[in-house]
**Q** 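What follows is a single structure, and I will ask about it in a moment.
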Protein chains: 2
Amino acid sequence: MNKSETDFYQVFTDLQCFILANMNRGNIHGVTATHYNIMEYIYRGRQVTGKQIAEAFQISQAAISKQLKFLTENRLIKQQQSTIDRRFFDLTLTDQGRYIIDNSENFRESIAKKASRSLTKDELKTLTLLLHKLMQQIKE
Amino acid sequence: MNKSETDFYQVFTDLQCFILANMNRGNIHGVTATHYNIMEYIYRGRQVTGKQIAEAFQISQAAISKQLKFLTENRLIKQQQSTIDRRFFDLTLTDQGRYIIDNSENFRESIAKKASRSLTKDELKTLTLLLHKLMQQIKE
DNA sequence: TAGTTTAGTTAACTTTGTTAAGTATTATGT
DNA sequence: ACATAATACTTAACAAAGTTAACTAAACTA
(Lines give C-alpha, C1' and ligand atoms only; values in the text may rest on other atoms or scores of the structure.)
Protein backbone atom coordinates (compact mmCIF):
# COMPACT_ATOMS: atom_id res chain seq x y z
CA MET A 1 0.00 0.00 0.00
CA ASN A 2 1.24 3.49 -0.83
CA LYS A 3 0.94 6.57 1.38
CA SER A 4 -2.58 7.65 0.33
CA GLU A 5 -3.86 4.11 0.67
CA THR A 6 -2.34 3.78 4.13
CA ASP A 7 -3.89 7.06 5.26
CA PHE A 8 -7.25 5.96 3.98
CA TYR A 9 -6.78 2.56 5.61
CA GLN A 10 -6.27 4.20 8.99
CA VAL A 11 -9.36 6.36 8.90
CA PHE A 12 -11.41 3.51 7.49
CA THR A 13 -10.24 1.31 10.37
CA ASP A 14 -11.55 3.95 12.74
CA LEU A 15 -14.86 4.08 10.95
CA GLN A 16 -15.22 0.32 10.86
CA CYS A 17 -14.46 -0.03 14.58
CA PHE A 18 -17.00 2.66 15.30
CA ILE A 19 -19.73 1.09 13.20
CA LEU A 20 -19.18 -2.34 14.73
CA ALA A 21 -19.03 -0.99 18.26
CA ASN A 22 -22.12 1.18 17.96
CA MET A 23 -24.35 -0.87 15.72
CA ASN A 24 -26.19 -2.69 18.42
CA ARG A 25 -26.43 0.13 20.88
CA GLY A 26 -29.55 2.03 21.56
CA ASN A 27 -32.16 -0.69 21.29
CA ILE A 28 -34.80 1.92 20.68
CA HIS A 29 -38.22 0.76 21.82
CA GLY A 30 -36.68 -2.61 22.73
CA VAL A 31 -35.90 -3.24 19.07
CA THR A 32 -32.36 -4.28 18.13
CA ALA A 33 -30.47 -2.94 15.13
CA THR A 34 -31.17 -6.13 13.18
CA HIS A 35 -34.88 -5.85 13.83
CA TYR A 36 -34.77 -2.19 12.94
CA ASN A 37 -32.96 -2.83 9.66
CA ILE A 38 -35.43 -5.50 8.64
CA MET A 39 -38.39 -3.29 9.52
CA GLU A 40 -36.90 -0.40 7.61
CA TYR A 41 -36.35 -2.63 4.59
CA ILE A 42 -39.98 -3.75 4.70
CA TYR A 43 -41.15 -0.17 5.14
CA ARG A 44 -39.22 1.21 2.20
CA GLY A 45 -39.84 -1.68 -0.20
CA ARG A 46 -43.04 -2.96 -1.74
CA GLN A 47 -44.10 -6.59 -1.77
CA VAL A 48 -41.06 -7.56 0.25
CA THR A 49 -40.47 -11.28 0.88
CA GLY A 50 -38.25 -13.11 3.33
CA LYS A 51 -36.00 -14.33 0.56
CA GLN A 52 -35.36 -10.77 -0.59
CA ILE A 53 -34.43 -9.64 2.90
CA ALA A 54 -32.08 -12.59 3.31
CA GLU A 55 -30.35 -11.64 0.08
CA ALA A 56 -30.23 -7.94 0.94
CA PHE A 57 -28.57 -8.59 4.28
CA GLN A 58 -26.62 -11.58 3.04
CA ILE A 59 -27.76 -13.93 5.77
CA SER A 60 -29.57 -17.26 5.56
CA GLN A 61 -33.30 -17.54 5.01
CA ALA A 62 -33.49 -19.53 8.23
CA ALA A 63 -32.09 -16.58 10.16
CA ILE A 64 -34.59 -14.21 8.57
CA SER A 65 -37.41 -16.64 9.25
CA LYS A 66 -36.59 -16.53 12.95
CA GLN A 67 -36.38 -12.75 13.02
CA LEU A 68 -39.68 -12.40 11.16
CA LYS A 69 -41.30 -14.78 13.63
CA PHE A 70 -40.06 -12.62 16.49
CA LEU A 71 -41.29 -9.42 14.82
CA THR A 72 -44.68 -10.96 14.13
CA GLU A 73 -45.06 -12.29 17.67
CA ASN A 74 -44.26 -8.83 18.95
CA ARG A 75 -46.80 -7.27 16.60
CA LEU A 76 -44.29 -5.14 14.75
CA ILE A 77 -44.94 -6.67 11.34
CA LYS A 78 -47.70 -8.67 9.70
CA GLN A 79 -47.15 -11.70 7.48
CA GLN A 80 -49.93 -12.44 5.08
CA GLN A 81 -49.82 -15.35 2.68
CA SER A 82 -49.94 -14.05 -0.86
CA THR A 83 -53.11 -14.92 -2.78
CA ILE A 84 -51.20 -14.95 -6.07
CA ASP A 85 -48.53 -17.43 -5.02
CA ARG A 86 -49.14 -18.99 -1.66
CA ARG A 87 -45.47 -19.81 -1.14
CA PHE A 88 -44.86 -16.12 -0.51
CA PHE A 89 -45.78 -14.01 2.45
CA ASP A 90 -46.43 -10.33 1.97
CA LEU A 91 -44.75 -8.42 4.73
CA THR A 92 -46.04 -5.13 6.09
CA LEU A 93 -45.46 -3.11 9.21
CA THR A 94 -48.13 -2.81 11.86
CA ASP A 95 -49.06 0.64 13.15
CA GLN A 96 -46.69 0.07 16.03
CA GLY A 97 -43.89 -0.98 13.67
CA ARG A 98 -44.44 2.06 11.49
CA TYR A 99 -44.45 4.27 14.55
CA ILE A 100 -41.05 2.96 15.59
CA ILE A 101 -39.51 3.54 12.17
CA ASP A 102 -41.00 7.00 11.92
CA ASN A 103 -40.03 8.08 15.39
CA SER A 104 -36.61 6.56 15.95
CA GLU A 105 -33.48 8.44 15.27
CA ASN A 106 -31.35 5.54 14.20
CA PHE A 107 -27.62 5.12 14.17
CA ARG A 108 -27.15 6.31 10.62
CA GLU A 109 -29.40 9.28 11.10
CA SER A 110 -27.35 10.43 14.06
CA ILE A 111 -24.17 10.02 12.00
CA ALA A 112 -25.72 12.04 9.19
CA LYS A 113 -26.55 14.83 11.63
CA LYS A 114 -23.09 14.81 13.11
CA ALA A 115 -21.69 14.86 9.58
CA SER A 116 -23.59 17.99 8.70
CA ARG A 117 -22.45 19.58 11.92
CA SER A 118 -18.75 18.80 11.45
CA LEU A 119 -18.52 19.57 7.74
CA THR A 120 -19.55 22.49 5.58
CA LYS A 121 -22.32 21.92 3.07
CA ASP A 122 -19.83 21.64 0.21
CA GLU A 123 -17.66 19.26 2.17
CA LEU A 124 -20.63 17.05 2.94
CA LYS A 125 -21.61 17.00 -0.71
CA THR A 126 -18.08 16.09 -1.74
CA LEU A 127 -17.88 13.37 0.90
CA THR A 128 -21.19 11.90 -0.23
CA LEU A 129 -20.08 11.96 -3.87
CA LEU A 130 -16.73 10.33 -3.17
CA LEU A 131 -18.22 7.69 -0.89
CA HIS A 132 -20.79 6.94 -3.57
CA LYS A 133 -18.09 6.52 -6.18
CA LEU A 134 -16.15 4.27 -3.82
CA MET A 135 -19.19 2.12 -3.07
CA GLN A 136 -19.85 1.58 -6.77
CA GLN A 137 -16.39 0.11 -7.21
CA ILE A 138 -16.46 -1.86 -3.98
CA LYS A 139 -19.73 -3.62 -4.64
CA GLU A 140 -18.53 -5.32 -7.82
CA MET B 1 -32.95 15.76 7.71
CA ASN B 2 -32.26 18.12 4.83
CA LYS B 3 -31.26 17.11 1.31
CA SER B 4 -27.50 16.83 1.86
CA GLU B 5 -28.03 14.84 5.03
CA THR B 6 -30.42 12.48 3.29
CA ASP B 7 -27.99 11.92 0.44
CA PHE B 8 -25.23 11.17 2.89
CA TYR B 9 -27.57 8.92 4.86
CA GLN B 10 -28.23 6.81 1.79
CA VAL B 11 -24.62 6.24 0.86
CA PHE B 12 -23.71 5.64 4.49
CA THR B 13 -26.46 3.00 4.68
CA ASP B 14 -24.84 1.29 1.73
CA LEU B 15 -21.45 1.41 3.38
CA GLN B 16 -22.75 0.11 6.68
CA CYS B 17 -24.57 -2.82 5.04
CA PHE B 18 -21.43 -3.65 3.13
CA ILE B 19 -19.21 -3.57 6.19
CA LEU B 20 -21.58 -5.71 8.21
CA ALA B 21 -22.11 -8.20 5.40
CA ASN B 22 -18.44 -8.59 4.56
CA MET B 23 -16.79 -8.32 7.95
CA ASN B 24 -16.73 -11.98 8.77
CA ARG B 25 -16.00 -13.28 5.35
CA GLY B 26 -12.70 -14.62 4.33
CA ASN B 27 -11.60 -16.41 7.47
CA ILE B 28 -8.05 -16.25 6.25
CA HIS B 29 -5.96 -19.08 7.67
CA GLY B 30 -8.97 -20.18 9.70
CA VAL B 31 -8.85 -16.95 11.68
CA THR B 32 -12.05 -14.95 12.02
CA ALA B 33 -12.26 -11.17 11.71
CA THR B 34 -12.44 -10.80 15.49
CA HIS B 35 -9.31 -12.87 15.98
CA TYR B 36 -7.61 -10.96 13.22
CA ASN B 37 -8.50 -7.59 14.71
CA ILE B 38 -7.20 -8.58 18.13
CA MET B 39 -4.00 -9.95 16.68
CA GLU B 40 -3.49 -6.84 14.62
CA TYR B 41 -4.03 -4.69 17.71
CA ILE B 42 -1.43 -6.69 19.63
CA TYR B 43 0.96 -6.53 16.71
CA ARG B 44 0.76 -2.75 16.28
CA GLY B 45 0.76 -1.86 19.97
CA ARG B 46 3.39 -2.31 22.63
CA GLN B 47 2.76 -3.81 26.03
CA VAL B 48 -0.85 -4.50 25.14
CA THR B 49 -3.13 -5.87 27.87
CA GLY B 50 -6.53 -7.54 27.73
CA LYS B 51 -8.17 -4.56 29.35
CA GLN B 52 -6.86 -2.24 26.63
CA ILE B 53 -8.18 -4.49 23.87
CA ALA B 54 -11.58 -4.68 25.56
CA GLU B 55 -11.72 -0.90 25.67
CA ALA B 56 -10.51 -0.49 22.10
CA PHE B 57 -13.17 -2.82 20.72
CA GLN B 58 -15.78 -1.81 23.28
CA ILE B 59 -16.56 -5.33 24.40
CA SER B 60 -16.35 -6.89 27.85
CA GLN B 61 -13.12 -8.11 29.37
CA ALA B 62 -14.71 -11.53 29.73
CA ALA B 63 -15.22 -11.74 25.97
CA ILE B 64 -11.61 -10.73 25.34
CA SER B 65 -10.43 -13.23 27.93
CA LYS B 66 -12.13 -16.01 26.00
CA GLN B 67 -10.74 -14.87 22.67
CA LEU B 68 -7.22 -14.62 24.11
CA LYS B 69 -7.57 -18.11 25.50
CA PHE B 70 -8.52 -19.39 22.07
CA LEU B 71 -5.64 -17.56 20.39
CA THR B 72 -3.18 -18.88 22.98
CA GLU B 73 -4.45 -22.45 22.66
CA ASN B 74 -4.03 -22.18 18.90
CA ARG B 75 -0.51 -20.83 19.31
CA LEU B 76 -1.22 -17.51 17.61
CA ILE B 77 -0.33 -15.34 20.60
CA LYS B 78 1.64 -15.75 23.81
CA GLN B 79 0.49 -14.51 27.21
CA GLN B 80 3.24 -13.88 29.71
CA GLN B 81 2.58 -12.66 33.22
CA SER B 82 4.26 -9.29 33.70
CA THR B 83 7.11 -9.25 36.19
CA ILE B 84 6.39 -5.64 37.12
CA ASP B 85 2.71 -6.12 38.00
CA ARG B 86 1.61 -9.71 38.07
CA ARG B 87 -2.03 -8.82 37.46
CA PHE B 88 -1.11 -8.00 33.85
CA PHE B 89 -0.23 -10.30 31.02
CA ASP B 90 2.07 -9.10 28.26
CA LEU B 91 0.65 -10.18 24.95
CA THR B 92 2.78 -10.92 21.91
CA LEU B 93 2.23 -12.73 18.65
CA THR B 94 3.89 -16.06 17.96
CA ASP B 95 5.78 -16.53 14.70
CA GLN B 96 2.67 -18.12 13.26
CA GLY B 97 0.51 -15.20 14.41
CA ARG B 98 2.90 -12.69 12.93
CA TYR B 99 2.98 -14.64 9.69
CA ILE B 100 -0.79 -14.42 9.40
CA ILE B 101 -0.90 -10.68 9.99
CA ASP B 102 1.95 -10.09 7.55
CA ASN B 103 0.54 -12.28 4.82
CA SER B 104 -3.19 -11.63 4.93
CA GLU B 105 -4.82 -9.03 2.82
CA ASN B 106 -7.58 -8.07 5.19
CA PHE B 107 -10.97 -6.55 4.52
CA ARG B 108 -9.86 -2.95 5.03
CA GLU B 109 -6.77 -3.41 2.90
CA SER B 110 -8.88 -4.63 0.02
CA ILE B 111 -11.18 -1.64 0.45
CA ALA B 112 -8.20 0.70 0.46
CA LYS B 113 -6.96 -0.83 -2.78
CA LYS B 114 -10.36 -0.56 -4.39
CA ALA B 115 -10.55 3.03 -3.18
CA SER B 116 -7.32 3.95 -4.89
CA ARG B 117 -8.53 2.24 -8.05
CA SER B 118 -11.90 4.00 -8.18
CA LEU B 119 -10.71 7.48 -7.17
CA THR B 120 -7.96 9.78 -8.36
CA LYS B 121 -5.14 10.51 -5.96
CA ASP B 122 -6.59 13.92 -5.08
CA GLU B 123 -10.04 12.46 -4.58
CA LEU B 124 -8.67 9.79 -2.27
CA LYS B 125 -6.83 12.43 -0.26
CA THR B 126 -9.97 14.54 0.02
CA LEU B 127 -12.07 11.55 1.03
CA THR B 128 -9.55 10.59 3.70
CA LEU B 129 -9.46 14.13 5.02
CA LEU B 130 -13.23 14.49 5.16
CA LEU B 131 -13.73 11.08 6.75
CA HIS B 132 -11.11 11.98 9.31
CA LYS B 133 -12.88 15.22 10.12
CA LEU B 134 -16.18 13.36 10.41
CA MET B 135 -14.72 10.72 12.70
CA GLN B 136 -13.35 13.38 15.04
CA GLN B 137 -16.85 14.78 15.51
CA ILE B 138 -18.53 11.40 15.70
CA LYS B 139 -16.32 9.99 18.39
CA GLU B 140 -17.24 12.64 20.96
C1' DT C 1 -49.06 -36.35 -13.50
C1' DA C 2 -44.51 -37.30 -11.64
C1' DG C 3 -40.48 -34.90 -10.68
C1' DT C 4 -38.21 -30.51 -9.80
C1' DT C 5 -37.88 -26.02 -8.04
C1' DT C 6 -39.01 -22.47 -4.80
C1' DA C 7 -40.31 -20.05 -0.24
C1' DG C 8 -40.40 -20.71 4.07
C1' DT C 9 -39.89 -23.36 8.70
C1' DT C 10 -37.82 -26.09 12.26
C1' DA C 11 -34.21 -28.40 14.94
C1' DA C 12 -29.67 -28.94 16.48
C1' DC C 13 -25.69 -26.55 16.79
C1' DT C 14 -21.83 -22.71 16.84
C1' DT C 15 -19.99 -18.34 17.71
C1' DT C 16 -19.57 -14.53 20.27
C1' DG C 17 -21.26 -11.61 23.11
C1' DT C 18 -23.34 -10.61 28.11
C1' DT C 19 -23.49 -10.38 33.53
C1' DA C 20 -22.18 -11.97 38.00
C1' DA C 21 -19.19 -14.03 41.02
C1' DG C 22 -14.63 -15.59 41.90
C1' DT C 23 -9.14 -15.41 42.32
C1' DA C 24 -4.85 -13.15 42.67
C1' DT C 25 -2.33 -9.02 42.98
C1' DT C 26 -1.45 -4.24 44.05
C1' DA C 27 -2.66 0.35 46.04
C1' DT C 28 -4.34 3.16 49.84
C1' DG C 29 -5.99 5.39 54.24
C1' DT C 30 -5.78 5.50 59.04
C1' DA D 1 1.05 -2.49 59.36
C1' DC D 2 -2.90 -4.00 57.99
C1' DA D 3 -7.78 -3.94 56.63
C1' DT D 4 -10.10 -2.34 52.74
C1' DA D 5 -10.57 -1.03 48.07
C1' DA D 6 -9.32 -1.29 43.42
C1' DT D 7 -7.49 -3.68 39.41
C1' DA D 8 -6.66 -7.44 35.81
C1' DC D 9 -8.21 -11.34 34.63
C1' DT D 10 -11.02 -15.89 34.60
C1' DT D 11 -14.97 -18.83 34.88
C1' DA D 12 -19.79 -20.21 34.65
C1' DA D 13 -24.35 -19.74 33.13
C1' DC D 14 -26.79 -17.70 29.77
C1' DA D 15 -28.66 -15.00 25.46
C1' DA D 16 -28.73 -13.43 20.70
C1' DA D 17 -28.15 -14.32 16.19
C1' DG D 18 -26.07 -16.67 12.94
C1' DT D 19 -25.21 -21.54 10.49
C1' DT D 20 -26.52 -26.19 7.94
C1' DA D 21 -29.63 -29.94 7.03
C1' DA D 22 -33.93 -31.87 6.71
C1' DC D 23 -38.59 -30.82 6.34
C1' DT D 24 -43.51 -28.94 4.39
C1' DA D 25 -46.26 -26.84 1.05
C1' DA D 26 -46.99 -24.72 -3.30
C1' DA D 27 -46.05 -23.96 -8.11
C1' DC D 28 -43.72 -25.02 -12.33
C1' DT D 29 -42.43 -28.21 -16.14
C1' DA D 30 -41.50 -31.90 -19.46
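Just so it is clear: chains get the letters A, B, ... in the order the sequence lines come, proteins before strands, and each one is counted from 1.
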**Q** How many whole angstroms separate atom CD of Gln80(A) from atom C1' of dG8(C)?
**A**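 Rounded to the whole Å, the gap is 16 Å.
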
**Q** Phe89(A) has a side chain; which of dT18(C), dT19(D), dG8(C) sits nearest to it?
**A** dG8(C)

**Q** Within a reach of under 6.0 Å around NZ of Lys125(B), are more than 12 heavy atoms found that belong to other residues, nucleotides or ligands?
**A** no

**Q** Find the distance Asp85(A):CG to dA27(D):C1' and express it as a whole number of Å.
**A**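 Asp85(A) atom CG is separated from dA27(D) atom C1' by 6 Å.
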
**Q** I need the OH-P distance between Tyr36(B) and dT15(C), as an integer number of Å.
**A** 21 Å

**Q** Would you mind telling me which residue lines up with the more 5' stretch of DNA chain D, Val48(B) or Ile84(A), judged by nearest nucleotide?
**A** Val48(B)

**Q** State whether the distance check finds a donor on one side and an acceptor on the other, under 3.5 Å, for side chain Lys51(A) versus base dG8(C).
**A**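 No.
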
**Q** Quick check against the 3.5 Å criterion: does Asp85(A) have a side-chain atom that pairs as donor or acceptor with the backbone of Arg87(A)?
**A**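 Such a contact is found between Asp85(A) side chain and Arg87(A) backbone.
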
**Q** Closest approach to the side chain of Gln61(B), judged atom by atom: which nucleotide of dG18(D), dT19(C), dC9(D) is it?
**A**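 Nearest listed nucleotide: dC9(D).
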
**Q** For Gln52(B), report the nucleic acid contact type (base, sugar-phosphate, nothing); a contact means any heavy atom under 4.0 Å.
**A** nothing

**Q** Closer than 3.5 angstrom, by distance alone: can the side chain of Thr49(B) be matched with the main-chain N or O of Phe88(B) as a donor-acceptor pair?
**A**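 Side chain of Thr49(B) to backbone of Phe88(B): no pair is present.
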
**Q** Under 4.0 Å: is that the gap between some side-chain N or O of Arg86(B) and OP1 or OP2 of dT26(C)?
**A** yes

**Q** Side chain of Ser65(B): nearest nucleotide among dT19(D), dT18(C), dC9(D)?
**A**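 Nearest nucleotide to the side chain: dC9(D).
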
**Q** Calculate the interatomic distance between Arg87(A) atom CZ and dT5(C) atom C1'; express it in whole Å.
**A** 8 Å

**Q** Looking across every strand, which nucleic acid part, if any, lies under 4.0 Å from Gln79(B) by heavy atom: base, sugar-phosphate, or nothing?
**A** sugar-phosphate

**Q** Quick one: Gln81(A) CD to dA27(D) P, roughly how many Å, whole number?
**A**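 Result: 8 Å.
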
**Q** Tell me which nucleotide among dA12(C), dG17(C), dG8(C) gets nearest to the side chain of Thr34(B).
**A** dG17(C)

**Q** So if I take every side-chain heavy atom of Ile59(A) and compare against dG17(C), dA12(D), dG18(D), which nucleotide ends up nearest?
**A**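 Of the options given, the side chain of Ile59(A) lies nearest dG18(D).
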
**Q** Is a donor from one side chain sitting under 3.5 angstrom from an acceptor on the other, for Arg75(A) and Thr94(A)?
**A** no

**Q** Is it the case that the side chain of Ser65(A) and the backbone of Gln61(A) share a donor-acceptor pair, with hydrogens and angles ignored and the cut-off at 3.5 Å?
**A** no

**Q** What is the distance, rounded to the nearest whole Å, between atom CD of Glu55(A) and atom P of dT6(C)?
**A** 11 Å

**Q** Using atom CD of Glu73(A) as one end and atom C1' of dT9(C) as the other, report the distance to the nearest whole Å.
**A**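 Spelled out: CD on Glu73(A) to C1' on dT9(C) is 13 Å.
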
**Q** Looking only at side-chain N and O atoms, does Thr49(A) come under 4.0 Å of OP1 or OP2 in dA7(C)?
**A** no

**Q** Round to the nearest Å and state the distance from Lys66(B) atom NZ to dC9(D) atom C1'.
**A**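 Rounded to the whole Å, the gap is 14 Å.
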
